[in-house]
There are 2 protein chains.
Amino acid sequence: MSSTHTHSKKSQSLTKNQRIVLDLLQNSGEPLKAYFILDSLKKEGLNSPLQVYRALDKLVELGKIHKIESINSFIICNNSNCASNTAFTICERCGKVKEIKNKYLTDGVSDLVKDNQLEITRYNLEFYVLCKSCKIN
Amino acid sequence: MSSTHTHSKKSQSLTKNQRIVLDLLQNSGEPLKAYFILDSLKKEGLNSPLQVYRALDKLVELGKIHKIESINSFIICNNSNCASNTAFTICERCGKVKEIKNKYLTDGVSDLVKDNQLEITRYNLEFYVLCKSCKIN
DNA sequence: ATTACATATGTAATATTATAACACTTAGAG
DNA sequence: CTCTAAGTGTTATAATATTACATATGTAAT
C-alpha cells in the first residue's frame with residue numbers, strides 16, 4: 001500500500017477552538033480584535049481570553065491568519081498561506097485594512113532586502129493610505 | 001521689519017514632560033516601553049501613565065520618535081526627523097531593534113509604492129532578522 | 001489496548017498597555 | 001489684558017495579553 005496514510009494529520013486538522021476562530025475570521029474578511037472574537041464565539045463555547053489567544057497564536061504560526069500589529073487585530077490570510085511575510089494597506093481615515101497581493105511590490109521588497117544584504121527571516125509592512133471611498137468624501 | 005519674529009515658537013520648544021521623555025529616549029538609544037519610561041521618570045515628577053502617553057504621542061507627531069508597533073515600544077528617530085516613514089530591523093532572538101537608515105532600501109520602497117500607484121501617506125516596515133551576535137551564538 | 005508524550009483545553013487570577021473624564025494651568029496671539 | 005489652544009495633574013477604568021495549574025485529547029510506538 002502507499003505511504004500516504006502515514007502523513008501527519010496535524011497539518012490538516014485544526015482543533016475545535018482553532019476552527020471556529022478561523023471560520024469567524026474567514027467569514028468576516030476584515031481584521032477582528034481578540035475580545036471581539038471572544039464575544040462573538042461565546043455561544044460556541046469560548047469562555048476566556050486565553051482560549052482565543054491560543055487559537056490565534058496557532059493560526060498565526062500556521063500562516064492562516066496575520067496579526068496587524070498597529071491595530072491589535074487579526075485578519076485571514078488571502079494569499080493561500082504566505083510565508084509569514086505580510087504587507088497591508090491601512091486607511092488612515094476609516095481604518096479599513098487590505099492585504100497587499102501585489103507580487104511586483106512584494107518581490108521588489110524581497111529584492112531590495114537581498115541587495116542590501118539584510119538577512120531577513122520575515123517582514124511586516126504596514127502602508128497607511130487614504131482609501132478610495134474616503135478620498136471621495 | 002521682517003516677519004521672522006512672528007514664527008511660532010511651538011515648533012521649537014518642547015514642554016517639560018515632552019523634554020524629559022525625549023531626553024530619556026535619546027540617552028537610551030534603544031526602544032523603551034511607556035511604563036518603563038514612567039518608572040524611570042518618577043523622580044522627575046512624572047506620576048501617571050497619561051503624562052507619558054501624552055508626551056509620547058506628541059513626540060511621535062513631531063517625528064522625533066517612532067513607535068515600534070509589534071513591541072509596544074518607542075525609540076528615538078535617528079534620521080533627523082524622517083517624514084513619519086519608518087523602517088526597522090528586529091532581532092527575533094534577542095529583540096534588539098535598529099532603525100534602518102539605508103537610503104537605497106527606503107528609496108526603493110518609495111519607488112515601488114509609486115510604481116504601484118498606491119497613494120501612501122506613510123509607512124511602517126518591520127523586518128525580522130537574526131542579528132550578528134545572535135547568529136554567532 | 002496501553003503507555004508515553006506532546007498539544008490543547010478550561011478556568012481563575014493577574015499583568016500590561018492605553019484611554020476617558022474633568023478641573024486646572026500656561027504660553028502665545030491679537 | 002484677555003482669549004484660546006495646548007498642556008498638566010489626577011483618578012478611575014478600559015482594552016489587550018499572559019501566568020499558573022489542573023485536566024483532557026490526539027498520535028505514535030509498544
Side-chain angles (χ1 to χ4, degrees), chain A residues 1 3-25 31-62 64-75 95 97, chain B residues 1-23 25 31-62 64-75 95 97:
Chain A
M1 72 185 77
S3 67
T4 52
H5 74 287
T6 65
H7 68 192
S8 167
K9 246 185 186 171
K10 281 185 200 167
S11 59
Q12 313 170 41
S13 62
L14 300 175
T15 66
K16 182 203 146 219
N17 288 354
Q18 291 159 10
R19 183 84 259 157
I20 60 177
V21 169
L22 182 62
D23 284 348
L24 180 63
L25 284 166
L32 302 181
K33 289 175 171 265
Y35 277 72
F36 175 89
I37 293 171
L38 176 56
D39 287 342
S40 303
L41 297 178
K42 280 254 165 74
K43 50 184 181 298
E44 315 282 344
L46 277 197
N47 292 309
S48 82
L50 197 45
Q51 293 176 299
V52 175
Y53 281 108
R54 285 196 285 223
L56 289 171
D57 285 351
K58 192 65 190 181
L59 292 170
V60 166
E61 190 188 320
L62 295 174
K64 299 201 175 296
I65 66 173
H66 301 304
K67 179 170 189 182
I68 303 165
E69 297 288 354
S70 57
I71 54 173
N72 301 315
S73 300
F74 299 84
I75 192 170
V97 173
Chain B
M1 72 185 77
S2 89
S3 65
T4 52
H5 73 287
T6 64
H7 70 190
S8 166
K9 246 187 186 170
K10 282 185 198 168
S11 59
Q12 312 170 41
S13 62
L14 299 175
T15 66
K16 183 203 146 219
N17 287 355
Q18 291 159 10
R19 182 85 260 155
I20 60 177
V21 169
L22 183 62
D23 285 348
L25 285 166
L32 301 181
K33 290 176 171 263
Y35 278 74
F36 175 89
I37 293 171
L38 176 55
D39 287 342
S40 302
L41 296 178
K42 279 254 164 75
K43 51 184 181 299
E44 316 282 343
L46 277 197
N47 292 308
S48 81
L50 200 44
Q51 294 176 296
V52 175
Y53 281 108
R54 284 195 287 222
L56 289 171
D57 285 350
K58 192 65 190 183
L59 293 169
V60 166
E61 190 189 317
L62 295 173
K64 299 201 174 296
I65 65 172
H66 301 303
K67 179 170 190 184
I68 304 166
E69 297 288 354
S70 57
I71 55 173
N72 302 314
S73 299
F74 299 85
I75 193 170
V97 172

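Quick note: numbers below take in every heavy atom, side chains included, and nothing from hydrogens, waters or symmetry partners. This structure is a prediction, so every number in the text was calculated from the model and none was measured. All chains are named by letter (A, B, ...) in the order of the sequence lines, taking the proteins before the strands, and each is independently numbered beginning at 1.
- Side-chain atoms of B/Asn17 and B/Leu41, non-hydrogen and from C-beta on, never get closer than 4.5 Å to each other.
- Rounding to whole angstrom units, CG of residue A/Leu14 and C1' of C/dT9 are separated by 15 Å.
- Rounded to 10°, the angle separating the first-five-pair axis and the last-five-pair axis of the helix from C/dA1-D/dT30 to C/dG30-D/dC1 equals 40°.
- Closest approach of B/Lys16 and B/Glu44 over heavy atoms only: NZ-O, 3.2 Å.
- Contacts between residues 34-53 of chain A and DNA chain C, defined by a heavy-atom separation below 4.0 Å, involve A/Asn47, A/Ser48, A/Leu50, A/Gln51, listed by number.
- Look at A/Lys58 and you'll find a side-chain N or O under 4.0 angstrom from OP1 or OP2 of C/dA8.
- Here NZ of B/Lys64 is found 12.5 Å from CG of B/Leu25. Values are rounded to the nearest 0.5 Å.
- At least one side-chain heavy atom of B/Arg19 sits less than 4.5 Å from a side-chain heavy atom of B/Leu22.
- If you measure from atom CD of B/Gln18 to atom C1' of C/dT26, you get 13 Å, rounded to the nearest angstrom.
- The two residues A/Leu38 and A/Pro49 have their closest heavy-atom pair at CD2-N, 3.8 Å.
- The nearest whole Å value for the distance from the CD1 atom in B/Ile71 to the P atom in D/dA17 is 15 Å.
- The interatomic distance linking B/Lys16 (NZ) with C/dA27 (C1') rounds to 16 Å, in whole Å.
- As rounded to whole Å, 18 Å separates atom P of D/dA14 from atom CG of A/Asn72.
- Between B/Ser73 and B/Val97, the closest side-chain pair of non-hydrogen atoms is not below 4.5 Å.
- Taking atom CG on A/Leu59 and atom P on C/dA8, their separation rounds to 10 Å, with Å as the unit.
- If B/Glu69 and B/Arg54 are placed on DNA chain C by their nearest nucleotide, the residue sitting closer to the 5' end is B/Glu69.
- The phosphate of D/dT8 (OP1 or OP2) has a side-chain N or O of B/Thr15 nearer than 4.0 angstrom.
- One finds the OG atom of A/Ser70 at 11.0 Å from the CG atom of B/Asn72 (value rounded to the nearest 0.5 Å).
- In this structure, CD on B/Gln51 lies 8.5 Å from CD1 on B/Ile20, to the nearest 0.5 angstrom.
- The shortest distance between side-chain heavy atoms of A/Leu46 and A/Val21 falls below 4.5 Å.
- The nearest whole Å value for the distance from the CD atom in A/Glu61 to the C1' atom in C/dA8 is 13 Å.
- Counting to the nearest Å, the P atom of C/dT17 and the CG atom of B/Asp57 are 16 Å from each other.
- Close to D/dG7, at under 4.0 Å from its OP1 or OP2, lies no side-chain N or O of B/Asn17.
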